[in-house]
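Nothing here was measured: the structure is a model prediction, and the numbers come from that model. One-based numbering, in listed order, for ligands and for the atoms of each.
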Amino acid sequence: MKRIGILTSGGDAPGMNAAVRAVARKAMAEGLEAYGINYGFAGLVAGDIHKIESVDLDGVVGEGGTLLYSARYPEFAHVEGQLKGIEQLKKFGIDALVVIGGDGSYHGALRLTEHGYNTIGLPGTIDNDIPFTDFTIGFDTAVNTDVEALDRIQDTAHSHDRTFVVEVMGRGAGDVALWAGVSAGADEIIVPERDWDMESVANKIKHNRANGHRSNIIVLAEGVMGADEFVEKLSQYGDFDARANTIGHMQRGGRPTAKDRVMASKMGAYAIELLLSGKGGLAVGIQHNELVNHSMLDLFDSKHETEASLAKLNDEISFN
Ligand SMILES: Nc1ncnc2c1ncn2[C@@H]1O[C@H](COP(=O)(O)OP(=O)(O)OP(=O)(O)O)[C@@H](O)[C@H]1O
Ligand SMILES: O=P(O)(O)OC[C@H]1O[C@](O)(CO)[C@@H](O)[C@@H]1O
Ligand SMILES: [Mg+2]
């Protein structure tokens with residue numbers, strides 16, 4: 001093996017650059033050349049590929065976004081697209097690949113392995129929705145951004161005796177909402193993984209107000225519904241002077257936390273070790289602070305487990 005390719009795919013996530021840097025620098029340390037593929041699988045098919053020099057990586061460890069750019073390119077699900085991608089890999093003499101992205105990107109990565117190009121996946125997504133890893137790269141930063149926003153919203157909620165419904169990202173997973181909600185002292189956290197009903201939420205707010213609490217923060221995972229819709233439905237059960245806020249893409253940008261940088265660095269170097277031992281079709285994760293790898297096929301048969309105990313904990317320490 002002489003040359004490895006690196007691409008980032010799906011939604012950008014803070015820490016992707018730290019991962020790219022670690023993959024490329026570890027490859028160089030092992031005597032390999034690193035090639036960057038711009039715009040995920042779209043750039044692979046288009047041949048938007050360049051050699052990465054060590055100096056290109058100076059200063060990138062703390063930058064958000066991805067220096068390799070990213071894209072959603074559904075065409076890669078078709079075999080024609082994959083074969084065009086393979087042609088480009090051959091043309092550039094790339095022997096193996098590291099794909100940094102979410103669950104969707106792992107499907108593309110596995111297709112490449114099946115076509116004979118060993119590919120390792122690193123979990124780069126703010127959603128924390130990937131099985132066999134306790135955390136994904138970007139999750140910690142996104143949660144911290146949400147917490148900062150929630151702390152600010154708390155100020156207004158408290159000053160005006162209001163209820164705020166704050167929608168956070170996470171696609172179908174409630175992890176971002178749970179971590180941000182517990183960290184910000186939310187009164188209620190609504191996630192797709194747990195049953196809930198609007199009447200109980202309204203009754204809780206009434207009870208809470210009757211006990212002298214003056215404001216409420218409800219953190220809502222986007223996978224449940226939008227904040228506007230939630231406020232509209234909630235208002236059918238009473239007047240809570242409720243306001244809807246959606247944090248949106250702000251939570252996907254920004255400088256990665258130290259936790260995301262360190263995790264991305266560890267995972268990036270580990271991906272090269274796996275490729276050097278001739279392995280492919282594996283997804284890297286971190287479980288109980290240990291680097292792990294699992295077959296992508298097994299991963300697709302599994303479901304990410306959200307930390308349900310956080311929701312229970314929040315029930316115990318809020319709304320009484
Ligand atoms: N079934 C598939 N086969 C081949 N490639 C796929 C498949 N599904 C997704 N991809 C590729 O992976 C890309 C990213 O997938 P997706 O948009 O689901 O994001 P993701 O990797 O899950 O990241 P995030 O959820 O954080 O945005 C797609 O745009 C496509 O190029
Ligand atoms: O940036 P886009 O393509 O609108 O996608 C938004 C989605 O991407 C994510 O930010 C990352 O998967 C999700 O949390 C969100 O649902
Ligand atoms: Mg995804």
| query | With distance as the sole criterion, is a donor-acceptor pair present between the side chains of Thr257 and Asn144 under 3.5 Å? | reply | no
| said: When you compare ligand 2 with Gly170, is there at least one nitrogen or oxygen pair between them that comes in under 3.5 angstrom? | reply: yes
| message | When you measure from the side chain of Gln88 to the backbone of Val45, do you find a donor-acceptor pair of N or O atoms at a distance under 3.5 Å? | response | yes
| task | Report the nearest protein non-hydrogen atom to atom 6 (C) of ligand 2: residue, atom name, distance rounded to 0.1 Å. | result | Arg252 NH1, 3.6 Å
| request: Before signing off on this row, confirm whether Arg111 and ligand 1 have an N or O atom pair separated by under 3.5 Å. | output: no
| message | With a 4.5 Å cut-off on side-chain heavy atoms, are Leu276 and Glu273 touching? | response | no
| message | So if I count the atoms of ligand 2 from 1 in the order they appear, which ones are less than 4.0 Å from some heavy atom of Glu222? | response | 13 (C), 14 (O), 15 (C), 16 (O)
| Would you call Glu80 and Lys84 a salt bridge, using N to O less than 4.0 angstrom? | no
| task | Quick one: look up the protein heavy atom nearest atom 14 (O) of ligand 2 and list residue, atom name and how far away it is. | result | Asp127 OD1, 2.7 Å
| Asp129 near the Mg ion (ligand 3): N/O/S under 2.8 Å | no
| request: Nearest heavy atom to atom 9 (C) of ligand 1 wins, so pick from Gly104, Pro123, Gly124. | output: Gly104
| Under 4.0 angstrom from ligand 1, any heavy atom of Ser9? | yes
| field | Residue and atom name of the nearest protein heavy atom (relative to atom 5 (O) of ligand 2), distance in Å to one decimal | value | Arg72 NH2, 3.1 Å
| Does Gln82, backbone or side chain, put an N or O under 3.5 Å from an N or O of ligand 1? | no
| message | Give me the residue, atom name and distance of the protein heavy atom closest to atom 7 (C) of ligand 2. | response | Arg171 NH2, 3.6 Å
| query | Do Asp187 and Ser318 get their side chains close enough for a donor-acceptor pair, meaning under 3.5 Å? | reply | no
| note | Quick note on ligand 2: atoms under 4.0 Å from a heavy atom of His249 include exactly 1 (O), 2 (P), 4 (O)
| remark: The answer for which part of Asp127 has a heavy atom under 4.0 Å from ligand 1 is side chain
| query | So which bit of Phe76 gets within less than 4.0 Å of ligand 1, heavy atoms only: side chain, backbone, both or neither? | reply | both
| said: Angle between ring planes, His294 versus Phe132, binned at 30° and 60°: parallel, tilted or perpendicular? | reply: parallel
| Contact partition for Arg171 relative to ligand 1, non-hydrogen atoms under 4.0 Å | side chain
| Going by the order shown, which atoms of ligand 2 are within less than 4.0 Å of some heavy atom of Met169? | 10 (O), 14 (O)
| Min side-chain heavy-atom separation Leu68-His50 under 4.5 Å | yes
